[in-house]
Amino acid sequence: MPLLTKQPIVVPWDFSEMSKDALETAVDLADSNSQIHVVNVMPLPASMEPAVWEPLDETNLRENLTKSFHKAVPPEKYPGITFEVLFGDPGSQIARLAKDLKAGLVVISSHGRTGIAHFFMGSVAERVTRLSPCPVLVLRGEKN
């Protein structure tokens, strides 16, 4: 039985196995796949970054990430799921998307970093939990 019947569920996606686990959890909780909004947040591309094959811009990044997502998560296996790419600070953008969608839940994985790794890499899950307008389900990973 689904936990939420009508509200959108936001699932941050970083192409890790833990992201797949978060997506599977969201599918289990949702009444319908159409409630699930998967989001990948990238830092803004720097205009001076060298590009080997083509210029790095938001359009190219969005297209390439969308293709990669659909390769990892075939639309025929997960019909109705929405995928989008946003640019900026991941924690802020995920929380903003949850607010804009009037989401009922964010399902996010945490890599479980502690100590110096947590200090330098931060925690997107922690930031989303602080900024989100709705409940956040954090799926904890192995400690690194």
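Below, all heavy atoms of this structure are taken into account, side chains as well, without hydrogens, waters or symmetry copies.
Taking each heavy atom of Arg62 and Val85 in turn, the nearest pair found is NH2-O, 3.2 Å. Closest approach of Val41 to Gly88, counting heavy atoms only: CG1-O, 3.5 Å. Across all non-hydrogen atoms, the minimal contact from Leu139 to Met18 is O-CE, 4.0 Å. Minimum heavy-atom separation, Lys6 to Gln35: C-NE2, 3.7 Å. Closest approach of Asp14 to Asn40, counting heavy atoms only: CA-ND2, 4.1 Å. Minimum interatomic distance between Cys134 and Val106 (heavy atoms only, all atoms of both residues): SG-CG2, 3.9 Å.
A salt bridge links Arg130 with Glu126: the distance from a Lys NZ or Arg NE/NH1/NH2 to an Asp or Glu carboxylate oxygen falls below 4.0 Å.
Of the inter-residue distances, the one linking Ile94 atom CD1 with His37 atom NE2 reads 14.5 Å to the nearest 0.5 angstrom. Arg127 contributes atom CZ, which lies 10.0 Å from atom CD of Gln93 (distance to the nearest 0.5 angstrom). The distance from the CG atom of Asp28 to the CD1 atom of Ile9 is 10.0 Å, given to the nearest 0.5 Å. For the atom pair CZ of Phe87 and CD of Glu58, the computed distance is 4.5 Å after rounding to the nearest 0.5 Å. Note that CD1 of Ile81 is 9.5 Å distant from OG of Ser34, once rounded to the nearest 0.5 Å. The distance from the NE2 atom of His70 to the CD atom of Glu76 is 10.5 Å, given to the nearest 0.5 Å.
When hydrophobic clusters are built by joining Ile, Leu, Val, Met, Phe, Trp and Tyr residues whose side-chain heavy atoms come closer than 4.5 Å, directly or via intermediates, Leu61 is grouped together with Val73.
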Val11 vs Ile108, side chain to side chain contact (heavy atoms under 4.5 Å, CB included): CA-CA, chis, key distance, verdict: CA-CA 6 Å; Val11 182; Ile108 188 170; over 6 Å; no
Step-by-step side chain to side chain contact (heavy atoms under 4.5 Å, CB included) determination, Leu86 to Leu97: CA-CA 9 Å; Leu86 300 176; Leu97 179 63; 4.3 Å; yes
Side chain to side chain contact (heavy atoms under 4.5 Å, CB included) between Glu84 and Val38, worked out: CA-CA 6 Å; Glu84 68 180 291; Val38 179; over 6 Å; no
Stepwise side chain to side chain contact (heavy atoms under 4.5 Å, CB included) test for Trp13 and Lys20: CA-CA 8 Å; Trp13 182 265; Lys20 289 181 183 179; 3.6 Å; yes
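Side-chain contact between Val27 and Ile36 is present, with at least one heavy-atom pair separated by less than 4.5 Å. By the 4.5 Å heavy-atom criterion applied to side chains, Val107 and Leu105 are counted as neighbours. The shortest distance between side-chain heavy atoms of Leu29 and Leu137 falls below 4.5 Å.
By the 30° and 60° cut-offs, the orientation of the rings of Phe69 relative to Phe83 is parallel.
Side-chain N or O atoms of Arg140 include none that pairs as donor or acceptor with a backbone N or O of Ser110 at under 3.5 Å.
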